[in-house]
Amino acid sequence: MDIFDALTLIGGLSLFLFGMSLMGQALERRAGGQLRSLLEKLTTGKLAGLLTGLGVTAVIQSSSATTVMVVGFVNSGLMTLKQAINIIMGANIGTTVTAWLLSLAGIDSGNVFVKLLKPSSFTPALALLGIIFYLFCKSAKKKDTGMILLGFATLMYGMETMSGAVSGLGELPAFRQMFVMFKNPVLGVLAGAALTAVIQSSSASVGILQALAVTGQVSYGAAIPIIMGQNIGTCVTAMLSSVGANRNAKRAALVHLSFNVIGTAVWLTAFCLLRALLRPALLEEPASLLGIAAAHSVFNVLCTLLMLPLSGFLERLVKVLVPDARQPEVFEELDERLFATPSIALERCHAVTVDMAETAVSSLKDALASLGDNSPELAASIREREDKTDHYEDILGTYLVNLSARQISEADSREAAKLLKLIGDFERIADHAVNILESAEELQKKEIRFTDAATGELAVIFQAVSDILDLSLAGYLQNDLSAAAKVEPLEEVIDQLKEQLRTRHILRLQKGDCTIDAGFTWLDLLTDLERTADHCSNIAGCMIDAARDSMNLHQSLRETRNDSEAFQERYREYRRKYALA
């Protein structure tokens, strides 16, 4: 092997790692909805968690990414440690899919149909199809499909390049001696752990081992300990991601490490005993690509079978390693670790926005109630919820902007843009709740009372505003477009109610039935109520625009008002319902 072979090896390795990364990212974008549905089915059941981890890892082709995602979930309080343990076990099995794909390169037969299964036969066709999809299709899903095919073709081409570059190593005594040395199980485990820790992917390190196996110098006796060590090396990514996380997130990362260390220790002991007592001839035979993939899968399945009944022991172990502290656990609402899977990060943003929406609406309704019966506790609660929505707006805005800057699917990009629009309206609704509360406190402090007529008029507009809040919230929480469509005609009626109430107030002022001080508070209230309705209109309009794949809110509202017979019918219905006495 000369310097040119070494350069070819480096180039092949680079293409291999790049193709794996490219394919994993495109698979994640293409399967974003399926990933979300998988996580929605999460339960505390061992089998459900195991299958979830297996499925997610098989999709994104990286147990490291799955484990980092799990650490992020635990750090956000979205997942319990018990759930995390089962998913981590499933991820170890899911990561074996890549090795089976790579083992196709070892197919060797004179049969035409069998040769068609060899990647060198069908990879060029996949690359051609992928570049056609990527360059000439406008659909984002088809482009992602093209990227998956191109990533797979690049990965397989890199694999074949590495195999070709190292094929001459079989004749070198030093190379043969190196793998004789790795027959020492401890050295093999250390070598596998070190390689995987450097490239941070057990799938990639198994692929490199498969490439070296074409030399014929890698025996099963050397390959199996290396495979065992690779499972330990892949834990580095999760351990690094847990730095700065809360206690339970650190425990989740330690579960990954403990699971692999204990599993490796047990089965390495069994392997050594088997080799010493029975001396099977298989261990001296050259490992094939298919044999390495099978060994990788069998080892990970055996580790899971060993540790799945002991999940409770793992949980207690990591709690001893990371003991409870006196301070309460702090959860991070939005964890940047979830950027590894953008569709899941976006789902977490949606969950936080749901809490923000419910908080804003409840604070506004309580503010309306404070005008009739205010108390220090109620006032403190309203202000606390306004602070909470401010906090949500800050973290959601920053998180969504950073998420949008990454490579995400077109559908996820539209969803991120929708959330960025909505959070501003929810935050302003909570601001108006505090404004209404301050008006209630001013009335109480100055002992101002509205006339009976004014109180009756306020009750009408209060009911209208309460109803428009419910409609806009239902439109967002349940993606209910029929509820969203009812918001705009009600907003028109609230605008007219505001003008009617202003006019009636002026008439009372002229008759001397109302004071100037009461008038100032009255006008402030009407302004806050009308603007609250405006924000509800924005929320509903944004939901309708998103369903239409459009972001032109003003045009949509104009079309709704002018062209919809349903709009006019609802408008007349609301005018009758909220008519003033």
Side-chain angles (χ1 to χ4, degrees), residues 38-57 62-96 193 202 228 231-270 299-333 335 337-338 340-341 344 348:
L38 269 175
L39 288 167
E40 285 169 3
K41 295 174 184 175
L42 264 181
T43 68
T44 54
K46 291 183 179 181
L47 184 60
L50 184 75
L51 294 177
T52 301
L54 193 158
V56 170
T57 307
S62 174
S63 61
S64 298
T66 302
T67 310
V68 169
M69 182 173 65
V70 166
V71 171
F73 282 154
V74 176
N75 195 46
S76 303
L78 191 64
M79 184 182 291
T80 65
L81 183 61
K82 184 175 291 186
Q83 287 175 312
I85 292 171
N86 301 321
I87 291 175
I88 288 168
M89 291 183 184
N92 270 37
I93 299 176
T95 194
T96 63
S202 60
M228 292 179 176
N231 273 29
I232 296 175
T234 196
C235 300
V236 168
T237 310
M239 294 302 296
L240 290 174
S241 75
S242 70
V243 175
N246 62 32
R247 288 190 299 278
N248 267 344
K250 287 185 173 72
R251 288 167 178 169
L254 274 173
V255 162
H256 190 212
L257 180 62
S258 303
F259 170 81
N260 285 305
V261 168
I262 294 172
T264 298
V266 170
W267 294 117
L268 182 63
T269 302
F299 172 64
N300 281 289
V301 170
L302 286 175
C303 284
T304 303
L305 290 175
L306 172 70
M307 299 304 297
L308 191 60
L310 300 177
S311 58
F313 164 74
L314 275 179
E315 187 176 2
R316 291 191 296 273
L317 174 64
V318 296
K319 284 183 177 179
V320 171
L321 296 174
V322 183
D324 289 325
R326 292 183 178 179
Q327 295 81 8
E329 191 77 292
V330 177
F331 294 109
E332 193 168 343
E333 295 99 333
D335 199 312
R337 295 169 182 84
L338 300 184
T341 45
I344 305 300
R348 183 59 187 151

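Since the model is a prediction, treat every value here as computed from it, not as a measurement. The chain is numbered in sequence order, starting from 1.
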Query raised in the report: Taking it one step at a time, do V243 and K250 satisfy side chain to side chain contact (heavy atoms under 4.5 Å, CB included)?
Result: CA-CA 7 Å; V243 175; K250 287 185 173 72; over 6 Å; no
Please output the side-chain donor-acceptor pairs of residues 308-321 that fall under 3.5 Å, not counting sequence neighbours, one pair per line with the distance.
residue, atom, partner, partner atom, Å
S311, OG, K46, NZ, 3.4
S311, OG, L308, O, 3.4

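- Nearest heavy atoms, I232 versus N260: CG1-O, 4.1 Å.
- D335 CG to I344 CD1: the interatomic distance, rounded to the nearest 0.5 Å, is 13.5 Å.
- A distance of 10.5 Å separates OG1 in T304 from CG in N86, rounded to the nearest 0.5 Å.
- The shortest non-hydrogen separation linking L81 to N248 is CD1-O, 4.0 Å.
- No side-chain heavy atom of N231 sits less than 4.5 Å from a side-chain heavy atom of F259.
- Using modelled atom types, no side-chain atom of R247 and backbone atom of V322 make a donor-acceptor pair closer than 3.5 Å.
- Taken from CE in M228 to CG in N300, the straight-line distance is 10.5 Å, to the nearest 0.5 Å.
- Closest heavy-atom contact between V70 and A84: CG1-CB, 3.4 Å.
- At distances below 3.5 Å, not a single donor-acceptor pair connects side-chain atoms of T95 with backbone N or O atoms of N92.
- Of the possible donor and acceptor atoms, one in the side chain of S242 sits under 3.5 Å from a partner among the backbone N and O of M239.
- Contact between A252 and V74 at its shortest, heavy atoms only, is CB-CG2, 4.1 Å.
- Within the 4.5 Å cutoff, side-chain heavy atoms of H256 are placed close to those of T234.
- Summarising the geometry of T67 relative to A238, their closest heavy-atom pair is CG2-CB, 3.4 Å, with the distance given to 0.1 Å.
- Contact of the L54 side chain with the L50 side chain is not registered, since no non-hydrogen atoms from C-beta on lie closer than 4.5 Å.
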